[in-house]
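Notes for the one structure printed next.
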Number of protein chains: 2
Amino acid sequence: MSVTRFPPPVNESAQMSKTLSTTLLKGLGVLSAFEGAPVLTLSQIADRTGLDRSTARRLTLTLVEAGWARQQGRAFSLAPRVLRPAGAFLQAGSFGRAVQPTLNAHAEALGGEISLALRDDTVAVYVAHSARPGARVSLGLTVGSTLPLDTTAIGQVLQGSDQPAQVIRGAYEAGVCGLAVPVGAPHAPLAALGTTLPLALPDLDTRLETALAALQMAAADLRDVPGLASAA
Amino acid sequence: MSVTRFPPPVNESAQMSKTLSTTLLKGLGVLSAFEGAPVLTLSQIADRTGLDRSTARRLTLTLVEAGWARQQGRAFSLAPRVLRPAGAFLQAGSFGRAVQPTLNAHAEALGGEISLALRDDTVAVYVAHSARPGARVSLGLTVGSTLPLDTTAIGQVLQGSDQPAQVIRGAYEAGVCGLAVPVGAPHAPLAALGTTLPLALPDLDTRLETALAALQMAAADLRDVPGLASAA
DNA sequence: CAACAAATGTGCGTATATCGCACAAATCCA
DNA sequence: TGGATTTGTGCGATATACGCACATTTGTTG
C-alpha cells in the first residue's frame, strides 16, 4: 500500500535550478529510502523513491559499487560505509572529545542518562548519549535515530519553544516523562539536551527539579564547545 | 541472462560500466571529501575530488539543497542529515537495542570500556562503545570514526588474523596497549571487539587475561544478535 | 593605495550520460 | 502446469551534466 514516498520531491515539474544535479538528488533519495526499511529490493526502492525501476537499479548498483550499500541476492541494504560521513560530522563538532565527556560527567551527577539531539529539517536527530551502564534501554536509540518534533520534549525545545525547558508526560513513550532544555538561545537553540524519568517515581517532582538543574548546567558547559555552534 | 556475456563483468578500470551513474559517484566523492577536513571551500572540494570546479560546485550545492551539507559563506561542511543513514544502518543491526546493552554489561564486568568495530574496505569503522562514565577519552572516537587495519589490534582482528586475539602494545596510541577479539569466525569475522589498557599497569599481564576473557564472553553474546550478521 | 595575483561565480554550446520504454528471463502462485 | 508478477537488460531520443571562458570578487605585495 501507500508507504510514505521518500524523496518527496525529486521535482520533476518544478524548474530544477540549472545548478542542481538531478541525478545526485535521486541517488541521495535511494540512500534515504533505507531509513525506515533496512532491506529493500530494487522494485521497492523504485516504489519508495518514485524512480523508474531502471533508474533505481542503476543508482543502487552505483551505491553498491561505491561501497555505500550491500547486495545479497535481490536484497539491498546499507553498508558500514554510511557511518563515515557521520563520523566526520561528529568529529567536526568535537562530539567525541568534548561533548561526550561532558554528557557523561553530568549524567553521573544526575543519576540518569542524558541525550543530545540536533534538529534536521522536520525531525530531531540523536547525536550523543551519556552512557550509564545498567541504564534502561528504552527504545534502542542510536546516533542518527530520529524523533518527531511535536510529541517529544527534546523536539519541542528544538523548535524554539519559549519555555526554558519542556516536560512531556507519557506522550511519546508510555510510563515515562521527557525533560529537555536548549543549548544556546532558547528561541534559536543550537541543540537540545534531554533525559527521561519514570512517571511512577514517588518523588517525581523533586527529581524533575534536580534533573532540570543538571541539564541546564550541562547545557551551559556545552555552549562553549568549539565546533558545536557550526555543527548545529 | 543465461547467455554468457562476452565482456565478463570484469571491473572496468578505465571505462565506466554502462550501468553505473558517474554523477552519483562524483557526488558521493564530494561527501567523502569531508572525511578528513570538516570545512571546505568549493576549490578545495574540486581539488580533493579531482572534479572540475564547476562540477564540484553543482554537486555541492545539490548536497546543500538536499540538506546533507551546509553553506556558510564560502565554507561548506556536513549537516546533521548525514547521521540519518548511519542511524538506519545501526537500527538494522540492532546496535541500539541489543548490541549496546551487551557491551555495557560486559564493560562493567571488565572494568573498562569496550568498542565494536566493523571493517569497511581498508579501514576499521567504530560502530559502538560501551559507556563508562569517567572513562578516559583518549582519542575522542565516535561512531563512524576510522582506524587503520595494520597498526591496531582491532584492525588486525578484522583482517582475519589467525590468532584468536590480538594484543598490540603502544603501536597506535602511546602508553596503552590494544586488545581485540573477533565476533564470529576468526578467519572471517563479522566484527571485532576491542579494549585498551594502560601499559603502566603493574599487573598488566593479569589484567590482560581477565580482559581477554571478558571480551570473548561479549563476543559470544554478540554472535546471536539478529541483524549483526547481515550488517557486517 | 594601487596594481597584481589568486580564488571564486556563472553562462553557454556541446557531448554524452541518463532516462524509461519495451522486451526477455526468471520467479512466484494456485 | 499455466498464468501472473517480479526482475534483468538493450537501445534510441533527449535532457543532463560537463568544462571551457569570461566576469567578478577577494587578498596580497610593493
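Computed from a predicted structure; not experimentally measured.
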Original post:
Hey, does the side chain of A/Ser21 reach the backbone of A/Leu24 with a donor-acceptor pair shorter than 3.5 angstrom?
Top reply: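 Yes; at least one donor-acceptor contact below 3.5 Å.
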
Original post:
Do B/Arg97 side-chain atoms and B/Val99 backbone N/O form a donor-acceptor pair below 3.5 Å?
Top reply: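 No, because the side chain of B/Arg97 does not come within donor-acceptor range (under 3.5 Å) of the backbone of B/Val99.
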
**OP:** Using the side-chain hydrogen bond (donor to acceptor under 3.5 Å, both in side chains) rule, collect all pairs that involve residues 59-70 of chain B, keeping only residues at least two apart or in two chains.
**Re:**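 The answer is none; no pair qualifies.
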
Subject >> Residues within residues 70-77 of chain B bordering DNA chain C, heavy-atom distance below 4.0 Å >> reply: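 When residues 70-77 of chain B is checked for heavy atoms under 4.0 Å from DNA chain C, the hits, listed by number, are B/Arg74.
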
Could you tell me how far apart [X] ([atom1]) and [N] ([atom2]) are, to the nearest whole angstrom?
X	N	atom1	atom2	value
A/Leu24	D/dC18	CG	P	10 Å
B/Leu25	D/dA17	CG	C1'	15 Å
A/Arg57	C/dA17	CZ	C1'	17 Å
B/Leu61	D/dA17	CG	P	13 Å
B/Arg58	D/dA15	CZ	P	17 Å

Is the distance from OP1 or OP2 of [N] to the nearest side-chain N or O of [X] less than 4.0 Å?
X	N	value
B/Ser21	C/dT18	yes
B/Lys26	D/dC18	yes
B/Thr19	D/dT9	no
A/Thr23	D/dA17	yes

**OP:** Apply side chain to side chain donor-acceptor pair (under 3.5 Å) to B/Ser161 and list each qualifying residue two or more places apart in sequence or on a separate chain.
**Re:**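 Result, side chain to side chain donor-acceptor pair (under 3.5 Å) vs B/Ser161: B/Gln166.
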
**OP:** With sequence neighbours excluded, tell me which residues meet side chain to side chain donor-acceptor pair (under 3.5 Å) with A/Gln156.
**Re:**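 Partners of A/Gln156 by the side chain to side chain donor-acceptor pair (under 3.5 Å) criterion come out as none, since no residue qualifies.
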
Original post:
In residues 40-56 of chain B, which ones come under 4.0 Å of DNA chain D, going by heavy atoms?
Top reply: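 Result for residues 40-56 of chain B: B/Asp52, B/Ser54, B/Thr55, sorted by number.
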
Identify every side-chain donor-acceptor pair in residues 183-194 of chain A under 3.5 Å, counting partners at least two apart or on other chains, and give the distances.
none

Subject >> Which residues share a side-chain contact (heavy atoms from CB on, under 4.5 Å) with A/Arg74, sequence neighbours left out >> reply: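 Residues passing side-chain contact (heavy atoms from CB on, under 4.5 Å) with A/Arg74: none at all.
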
**OP:** Check side-chain contact (heavy atoms from CB on, under 4.5 Å) between B/Val64 and all other residues, then give those that pass, not counting sequence neighbours.
**Re:**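 Checked B/Val64 against side-chain contact (heavy atoms from CB on, under 4.5 Å); matches are B/Ala69, B/Gln71, B/Phe76.
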
**OP:** If a pair satisfies salt bridge (Lys or Arg N to Asp or Glu O under 4.0 Å) and one of its residues is in residues 35-51 of chain B, list it, with sequence neighbours excluded.
**Re:**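 Non-adjacent pairs meeting salt bridge (Lys or Arg N to Asp or Glu O under 4.0 Å): A/Arg81-B/Glu35, A/Arg84-B/Glu35.
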
**OP:** Output every pair passing salt bridge (Lys or Arg N to Asp or Glu O under 4.0 Å) with a member in residues 215-232 of chain B, not counting sequence neighbours, ordered by first then second residue.
**Re:**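 Output for this query is empty, none listed.
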
Subject >> Helical bend (five base pairs per end, nearest 10°) for the helix from C/dC1-D/dG30 to C/dT27-D/dA4 >> reply: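 The angle separating the two end axes equals 50°.
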
Original post:
Excluding sequence neighbours, so at least two apart, what forms ring-ring contact (aromatic ring centres under 6.0 Å, His included) with A/Tyr126?
Top reply: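 Partners of A/Tyr126 under the ring-ring contact (aromatic ring centres under 6.0 Å, His included) test: A/His129.
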
